[in-house]
Each structure stands twice: as structure tokens, then as C-alpha cells.
Q: 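Structure incoming, see below.
Each chain gets a letter, A, B and so on, in the order the sequences are listed, and its residues count up from 1.
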Amino acid sequence: MAQKPGIPKGTRDFSPTEVAKRDYIFAIIKKHFELFGFQPIETPSFENSSTLLGKYGEEGDRLIFKILNSGDFLAKADENFLKDKNSSKVTAQISEKALRYDLTVPFARYVVQHQNELVFPFKRYQMQPVWRADRPQKGRFREFYQCDADVIGSKSLLQEVEFIQLYDAIFSELGVTATIKLNNRKILSGIAEIIGAKDKLINFTVALDKLDKIGEEGVVNEMLTKGISQEAIAKVKPLFELSGTSEEKLDTLKGLLASSDEGLQGVQDLRFVIESISKLGLDQSKLELDVTLARGLNYYTGAIFEVVANDVKLGSIGGGGRYDDLTGIFGLKDMSGIGISFGLDRIYLVLEELGLFKQVVELPKPKVLFLNFGEAEANYCLEALKAFRESDIKAEIYPDAFKIKKQLNYANKREIEFVVLVGEEELQRKRYTLKQMNSGEQQTLDLEELLQAVRNS
RNA sequence: GUGGUUGUAGCUCAGCUGGUUAGAGCGCUAGAUUGUGGUUCUAGAGGUCGCCGGUUCGAAACCGGUCUUCCACCCCA
């Protein structure tokens, strides 16, 4: 008995229809990336572990797929680590490579390595799979595609504005109404400064984020249990009442963060971006200032983005932000970068759920099928087959001389519009019988007429 | 990482409180119909009931473990 095959947890196969739908999304994203001046690069699926580790926070490191060294890797491992079952130390010794976790860190590595060839500011896009050893669930896979656009080598806030427009352009063309959430790490640092606890910042934002779920009292309780002091909470109380337009929120924040230079800088940055966007206007998307937006990735220093689809309950379908010193880790200073990412697989789920694929995606399929009546007849068809292809008409011949019923069935299932029948009689008269599958009409023609008939249909 | 859920034919799923030989629809193959399809009718092939162990006279069903599916939390795209 043959063993049952399977694929690893969190991975998927894609059928022809699914590939066509994915290609449709890729094409739109790519088009807009290029309209905004980005150029494509690709990087390897796996990197040296040292490039990846430590860039995504503790949680991120845990989710990186490690690749075992080749050869007799255990021979080189330290016996004491093995004896103690010290996984992290042993892992470092037996694994020197890892699958990429996102496209931003490999991009930073790329920039540093190729700095002499690049023209700055460098604008690149990249659409490749990434891998995370996460537990799969709805919209979460272990292998999925990210489509990233980044600019490196400019601190200008114009980039923030442009990326919001880029988000809007792509989601609007896809037909998805999206909310682009915006925040700034400087605001978060300012808040941390005010509450006097930089290490409590994550707890703080997580608690604050639950405001509309558990109410003010619930949030305060959670903060207290996480060790944030009563006085600190009192100081940032205005955050609980943060509402109204973005301008009003910014004014509240400005008052709140008056004693933090960094916080005020964040307010000023946000104000520029928000005012620019409101002057320009957005197509289908909505821009929303969200001070609870934190994002786990360690390397962000300025603006942070997250995009959610308004009509589908799913995690974020895009994210990004500014990172002032990502290349610094690899030895290239003063290279501020900013970028955004599109989660292809989640966007796919959104389009599917909203029924936005139907009219749009067409599967590549042949227009003409030559039936196979036997060796001589099939050989005779090859000339016509070639002629069709040379006229850019998709055509194929049934490979085996099976029953006509079976061959016609095949044509039906593949929804092929025309079949060509060449039997003994056509062969002798040098003719082709063309049959229109929907109507059942057929006519016997010579090669020129045959091409003409299909071309004109 | 925590909690739950799922697994029976190629596919979608039935299968009662444990009881003879495990079912249906779709698909597949063949025939009705030897050069004309989609419909219909008839027949046929196809299953170590995810895997390992346990309870029992007897397990697809109950118990334990394990893998897998999907979901929530955490985190994220």
C-alpha cells in the first residue's frame, strides 16, 4: 500500500484557478509599485541566522524556521550543551541558516551589501514568500507571500504620505475598502516617558487597545495589575477620552506630551502626514490615527502603519513603518528607511469573502481542441495546430485516440469552445470539421477557412 | 506557547446507547450509443474507518498518546 502523501502544517497547494486569482492580485500590486517608482529585487529564501535573529523581538526569534547544518552536525556540537538539553545553545551550533521571516530585514542586508551599486534614495519592491513557525489558523499560514515596497535613504515625511496613497491606490483598485491605521513610535516613547516606565509600554498599549471592549474601568484595572502606577494612569487619562477628528486627537496628545520632546516631535510628524493626506484626499480608504497601534517588530522608530479590511473580520492585511537604523546593525549608518507590506494571502481571503473575484479572473484555457481519431489523423492535425498557435490562438490536441465520447467530455469539462474533428473522410479530402460546442453546429472547412472561422468567433 | 475542534472511498459527508459483510451523493471505468458531448438508465472498481496502544467476547464508535484540520487567545501579514 502506497503511503498517503501530505504537505506540512500551514502550507497549501494552489490550483490553476487559485493561481489565476493570486496572479490578478500580484499584477495590481506590481502595477502600482511601479507607478510610484519602485524597482524589483529578489533575495534568497534563507539567510544566515545572524542576519535574522534578534531583529524581530523575542517572539519573532521563536517563530523563525531554522535550517539544520549539513553533514555530521552533531559531531561539532558541544557535549555539555547536548547533555543539558540546552536547546538554544545547541541550535546555535547545529543551525547556521534560517528561512526569512519577512522581507524588510533581508532588504536592509541587501542595501548594506550593495551600497556602492545603489542610487539613493533607493526604492525597491519585492514579492516573495516568507515563513513563520506560527500555529496556523484563519488567515495565518506558515508559508505566505508578502509584497513589500520600501524607500531607503530619505528621512522626508513625504514618504509617509506617499505610502498612504500607495495603500489607497492598491486597495481601491482591488475593490477593498480599508482602514489605514497610523501611529508613531515617538508618541509611544513619549507616553512611556510620561508614565515613567519604558518597559511597561507594551502592557500599557495592549491594555489601552481594549478600551472599547472592556471599558475605562477594565482598562485601568488591567494596567494596575500589570504594575502601572495610579499616578501614571492619572497623567495619561486624556488618552481614554481620545476621540473626534485626527486634529482633535493631535491637540489632546500635544497637551499630554508637553514635557516630552520626543513625544511632541511625534505629534508634529503625524500632523504633517495627516494634513497632507486630508488635502489630497483618499479614494476608497480611510486614514485613522490610532495611538494603541504598537506593532511588535523591534526595528520601527517613527511612523507605523497597519491596514485592516472594513468588511471582513481578519487580522491586518498590510503593515509597515519607518526604521531609522536597520542598516546600522549591518554597518551602514544614517540610512533611514520606510516601507509597507501587503499580505497577499489575506488579501486573497478578503476578495474571496467579498465575492470580488468573479468577473475579474479568467483561467487560461485552450479555445480549440483537436480530437484524436488515430495516428494518421492526429499527425495531419499537427499542421493546423501549429497554425493556430502562430495566430495566438490557444489550441491543443487530445493525446490519445480514445473514444470520441470521452474526448468530447474532456472538452466539456475544460469548457473549450471549439473542437476540430478529423477522421478518415476529412483526411482524404484535406478538410477539417469544426464544431461549436455550445450550439453543436459544425461545418467542414479547409485550413484557411478553419482559422478564419475561429478567429472571427 | 495556552485552550478547544476535526480526521470514514479520489471529493463532500452519513454511520444510533459498542453488535454479522462500513453506506450515500459526486467523480471514475464499462455498457445502452464502434464518428458526435453535456441528460438519462444499468453495471463495476475503489476503504488497514489518520496512526500507535489500551478497555471489551466484540471497537469506525469508548479511553490514552501522537500526527493532522480548523478555530479562539497571544502575536502577526
Side-chain angles (χ1 to χ4, degrees), chain A residues 1-12 15 25 29 56-64 100-104 127-148 167 178 202-203 205-206 209-210 213 293-298 300 304-309 312-321 339-350 369 371-374 377 398 401-427 433-442 444:
Chain A
M1 189 73 182
Q3 65 167 358
K4 242 188 192 169
I7 55 173
K9 185 195 283 199
T11 64
R12 295 145 304 151
S15 67
I25 303 172
I29 294 176
Y56 307 105
E58 207 178 308
E59 176 84 2
D61 278 2
R62 196 171 57 81
L63 298 177
I64 291 174
R100 65 167 166 249
Y101 178 88
D102 72 355
L103 300 177
T104 307
M127 308 198 292
Q128 289 190 277
V130 302
W131 293 269
R132 295 185 187 177
D134 221 339
R135 201 184 277 201
Q137 58 178 273
K138 188 176 186 186
R140 168 177 300 185
F141 310 101
R142 288 184 149 184
E143 176 182 64
F144 60 98
Y145 269 77
Q146 290 194 329
C147 306
D148 277 33
Y167 267 138
I202 303 285
N203 289 336
T205 51
V206 166
D209 192 30
K210 294 178 184 164
K213 274 187 207 157
L293 180 60
R295 298 191 59 77
L297 296 176
N298 270 357
Y300 291 123
I304 37 187
F305 306 109
E306 191 163 292
V307 185
V308 293
V312 180
K313 201 178 156 259
L314 199 75
S316 55
I317 53 176
I340 59 173
S341 180
F342 291 79
L344 178 101
D345 304 79
R346 286 187 179 175
I347 293 170
Y348 181 103
L349 291 175
V350 167
L369 174 73
L371 299 195
N372 187 330
F373 282 74
E377 290 89 341
Y398 198 88
F402 290 162
K403 289 192 166 180
I404 296 313
K405 174 179 170 135
K406 194 180 160 90
Q407 299 190 37
L408 285 169
N409 248 327
Y410 173 83
N412 281 331
K413 277 184 194 152
R414 294 201 56 195
E415 300 177 315
I416 295 172
E417 199 179 337
F418 293 102
V419 297
V420 175
L421 299 91
V422 175
E424 219 174 315
E425 199 189 317
E426 286 90 346
L427 184 59
T433 297
L434 178 69
K435 179 184 178 78
Q436 224 275 349
M437 288 301 277
N438 279 334
S439 63
E441 278 169 31
Q442 39 187 88
T444 300

Q: Checking all strands, does E415(A) fall into the base, sugar-phosphate, or nothing category for heavy-atom contacts under 4.0 angstrom?
A: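 Here E415(A) touches no strand at all.
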Q: Once you round it to whole Å, what is the distance between P of G35(B) and CD of E377(A)?
A: 11 Å
Q: Which whole number of Å gives the distance between the P atom of G7(B) and that of A60(B)?
A: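 Those two atoms are separated by 15 Å.
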Q: Below 3.5 Å, does any donor atom in the side chain of R140(A) face an acceptor in the base of C75(B), or the other way round?
A: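 Under the 3.5 Å cut-off, the side chain and the base do form a donor-acceptor pair.
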Q: Give one of base, sugar-phosphate or nothing for Q407(A), where a contact means two heavy atoms less than 4.0 Å apart.
A: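 Nothing: the residue Q407(A), judged by heavy atoms under 4.0 Å, touches no strand.
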Q: Separation of F402(A) atom CZ from G35(B) atom C1', in whole Å?
A: 17 Å
Q: Rounding to the closest angstrom, what is the interatomic distance between G44(B) and U48(B) at atom C1'?
A: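 It comes out at 23 Å once rounded to the nearest Å.
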Q: Categorize G318(A) for me: base, sugar-phosphate, or nothing, with a 4.0 angstrom heavy-atom threshold over every strand shown.
A: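 Answer is sugar-phosphate: G318(A) comes under 4.0 Å of backbone atoms only.
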Q: Planes under 30° and centres closer than 5.5 Å, is that true for F373(A) with the base of G35(B)?
A: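 No, aromatic ring not over the base.
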Q: If you only use heavy atoms from C-beta on, which nucleotide in U29(B), C74(B), G35(B) is closest to the side chain of K406(A)?
A: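 So the nucleotide nearest the side chain must be U29(B).
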Q: Of the listed nucleotides (A32(B), C74(B), G35(B)), which one gets closest to any side-chain atom of E59(A)?
A: C74(B)
Q: Pick the closest RNA chain B nucleotide for L408(A) and for D345(A) by heavy atoms, then say which residue is nearer the 5' end.
A: L408(A)
Q: Quick one: does R346(A)'s side chain have a donor or acceptor within less than 3.5 Å of a partner on G139(A)'s backbone?
A: yes
Q: Can any side-chain N or O of D134(A) pair as donor or acceptor with the backbone N or O of P136(A) at less than 3.5 Å?
A: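 Side chain of D134(A) to backbone of P136(A), a donor-acceptor pair under 3.5 Å: no, none is there.
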Q: Expressed as a whole number of angstroms, how long is the span from I64(A):CD1 to C75(B):P?
A: 18 Å
Q: Is the shortest side-chain heavy-atom distance between L371(A) and L408(A) below 4.5 Å?
A: yes
Q: Just to be sure I understand the rule, does G60(A) reach a base, reach only the sugar-phosphate, or reach nothing, if contact means heavy atoms closer than 4.0 Å?
A: nothing
Q: Compare the minimum distances between each of G38(B), U36(B), A77(B) and the side chain of N409(A), then state the nucleotide with the smallest one.
A: G38(B)
Q: Per the side chain to side chain contact (heavy atoms under 4.5 Å, CB included) rule, which among M437(A), K435(A), Q436(A) passes with E417(A)?
A: Q436(A)
Q: Please state how far atom CG in D134(A) lies from atom P in C76(B), giving the value in whole angstrom units.
A: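 Rounding to the nearest Å, CG of D134(A) and P of C76(B) are 10 Å apart.
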Q: Distance check needed: C75(B) P versus L314(A) CG, whole Å only.
A: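 Rounded to the whole Å, the gap is 17 Å.
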Q: Walk me through it: do Y56(A) and I64(A) pass the test side chain to side chain contact (heavy atoms under 4.5 Å, CB included)?
A: CA-CA 9 Å; Y56(A) 307 105; I64(A) 291 174; 3.9 Å; yes
Q: I'd like the P distance from A14(B) over to G31(B), given in whole Å.
A: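 Result for the P pair: 35 Å, nearest Å.
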Q: Determine the interatomic distance between P on G53(B) and the same-named atom on U42(B); round to the nearest Å.
A: 44 Å
Q: Check the phosphate of G35(B) against K435(A), side-chain N and O only, distance under 4.0 Å to OP1 or OP2. Yes or no?
A: no
Q: Answer with yes or no whether the side chains of Q442(A) and T433(A) bring together a donor and an acceptor at under 3.5 Å.
A: no
Q: Using the P atoms only, state how far G1(B) lies from U66(B), rounded to an integer number of Å.
A: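 After rounding to an integer number of Å, I get 12 Å for this pair.
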Q: For atom P, what is the distance between G54(B) and U12(B), given to the nearest Å?
A: 32 Å
Q: Please measure how far the P atom in G23(B) lies from the corresponding atom in G47(B), and state the result in whole Å.
A: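 The answer is 14 Å between these two P atoms.
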Q: I'd like to know if the side chain of R12(A) reaches the main chain of F144(A), judged simply by a donor and an acceptor atom lying under 3.5 Å from each other, with no hydrogens or angles considered.
A: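 Checked: no pair found.
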Q: Please report the distance separating the C1' of G10(B) from the corresponding atom of A45(B), rounded so that it comes out in whole Å.
A: 12 Å
Q: Given pairs defined as Watson-Crick or G-U wobble with both distances under 3.5 Å, what dot-bracket annotation applies to RNA chain B, with ( ) intrastrand, [ ] crossing, | other strand and . unpaired?
A: ((((..(..((((.....[...)))).(((((.......))))).....(((((..]....))))))..))))....
Q: Tell me which nucleotide among C76(B), U29(B), G35(B) gets nearest to the side chain of T433(A).
A: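 The nucleotide sitting nearest to the side chain is G35(B).
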Q: For E424(A), report the nucleic acid contact type (base, sugar-phosphate, nothing); a contact means any heavy atom under 4.0 Å.
A: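 Base: the residue E424(A), judged by heavy atoms under 4.0 Å, touches a nucleobase.
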Q: C76(B) C1' sits how many Å from L344(A) CG, rounded?
A: 16 Å
Q: Would you tell me if any nitrogen or oxygen in the side chain of K403(A) comes within less than 4.0 Å of OP1 or OP2 on G31(B)?
A: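 Checking K403(A) against G31(B): at least one side-chain N or O falls below 4.0 Å of OP1 or OP2.
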Q: Scan I317(A) against the nucleic acid and name what it touches under 4.0 Å (heavy atoms): base, sugar-phosphate only, or nothing.
A: sugar-phosphate
Q: In whole angstrom, what separates N372(A)'s CG from U36(B)'s P?
A: 16 Å
Q: For R135(A) and G10(A), indicate whether the former's side chain and the latter's backbone hold a donor-acceptor pair under 3.5 Å.
A: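 Not at all, since once roles are kept as given, no pair shorter than 3.5 Å links the two residues.
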Q: Quickly work out the E441(A) CD to U36(B) P distance and round it to whole Å.
A: 19 Å
Q: When the ring centroid of F342(A) is compared with that of Y145(A), is the distance short of 6.0 Å?
A: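 For F342(A) and Y145(A), the ring centres are not under 6.0 Å apart.
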Q: Measure all distances between protein nitrogen or oxygen atoms and nitrogen or oxygen atoms of nucleotides 65-72 of chain B, and list the pairs falling under 3.5 Å.
A:
residue	atom	partner	partner atom	Å
U68(B)	OP2	K9(A)	NZ	3.4
C71(B)	OP2	Q137(A)	O	3.3
C71(B)	OP2	K138(A)	N	2.4
A72(B)	OP2	Q137(A)	OE1	3.0

Q: Of the nucleotides U36(B), A77(B), G38(B), which one has an atom closest to the side chain of N412(A)?
A: G38(B)
Q: Assuming nearest nucleotide by heavy-atom distance, tell me which of S316(A) and Q436(A) is located more 5' along RNA chain B.
A: Q436(A)
Q: Apply salt bridge (Lys or Arg N to Asp or Glu O under 4.0 Å) to E415(A) and list each qualifying residue two or more places apart in sequence or on a separate chain.
A: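 For E415(A), the residues satisfying salt bridge (Lys or Arg N to Asp or Glu O under 4.0 Å) (neighbours in sequence not counted) are K365(A).
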Q: From C-beta outward on R62(A), which listed nucleotide comes closest to its side chain: G35(B), G1(B), G37(B)?
A: G1(B)
Q: Where the side chain of Q407(A) meets the backbone of N372(A), is there a donor-acceptor pair that is under 3.5 Å apart?
A: yes
Q: Has the side chain of R132(A) got a donor or acceptor atom that lies under 3.5 Å from a matching backbone atom of Y101(A)?
A: yes
